[in-house]
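In what follows, a structure is listed as structure tokens, so that the remarks can point back to it.
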Amino acid sequence: QQQVKQSPQSLIVQKGGISIINCAYENTAFDYFPWYQQFPGKGPALLIAIRPDVSEKKEGRFTISFNKSAKQFSLHIMDSQPGDSATYFCAASSPGTASKLTFGTGTRLQVTL
Amino acid sequence: DSGVTQTPKHLITATGQRVTLRCSPRSGDLSVYWYQQSLDQGLQFLIQYYNGEERAKGNILERFSAQQFPDLHSELNLSSLELGDSALYFCASSARQGNSPLHFGNGTRLTVT
């Protein structure tokens, strides 16, 4: 049972463009939504996270948009750079178990010159 | 560097064998989590320990077991290995049980031949 659906599987964006990755969840009890970035040979690293009491959170070039009624959230990478090329995972967890994350299947982002 | 150390980095073994994966959490982190990452399943939560006690179980097979020792390091034991067990196994740690970010190690790549 996949509780967090992520799309697209892969994404190619030109340098300077906007990368958008979408996730949808089913469990309405989820209340913590992080995004992780993973480079080859490394473990996932927390990029940015949001809770459903806000609709948007921005950190530098990375923005999470959250739509509670649609049960969807997305990651926007502005001014995408070749160094952003990595696999991105969305995740979600329920209250009291915020660190027991359910992950999406990942999006492989390639930023071309 | 996340501060989470996993050993070994690579492990190649035959079907039917047993292996032990080791994880040292970040200094001060009491919670340890194990995740399995395979190409077709993404990141799957296996099990969580907090200060030596098992706190949550995910889709962990009966052939797999784990423990967290008094010095907070953790071991994941995989027995009667099958070809399908080939995957990346990640350990993550967090300061508390919930509402704190997960910090992942760089994983152990297990290949079962």
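Proteins get letters first, then strands, A, B, ... in listed order; numbering begins at 1 in each.
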Q: Considering only heavy atoms and a distance below 4.5 Å, find which of A:Gly106, A:Pro44, A:Ala91 pairs most often with chain B.
A: A:Pro44

Q: Check each atom of A:Pro34 against the heavy atoms of chain B and say whether the ones under 4.5 Å are side chain, backbone, both or neither.
A: neither

Q. Taking the six-membered ring for Trp, is the centroid-to-centroid distance between B:Tyr35 and B:Tyr89 below 6.0 Å?
A. no

Q) Under 3.5 Å, is there a donor-acceptor pair between the side chain of B:Ser93 and the main chain of B:Val32? A) no

Q. So what's closer than 4.5 Å to chain A heavy atoms on B:Gln37: side chain, backbone, both or neither?
A. side chain

(Q) Determine whether the aromatic ring centres of residues A:Tyr36 and A:Phe89 are separated by less than 6.0 angstrom. (A) no

Q.
Is it the case that the ring center of B:Phe104 lies less than 6.0 angstrom away from the ring center of B:Tyr33?
A. no

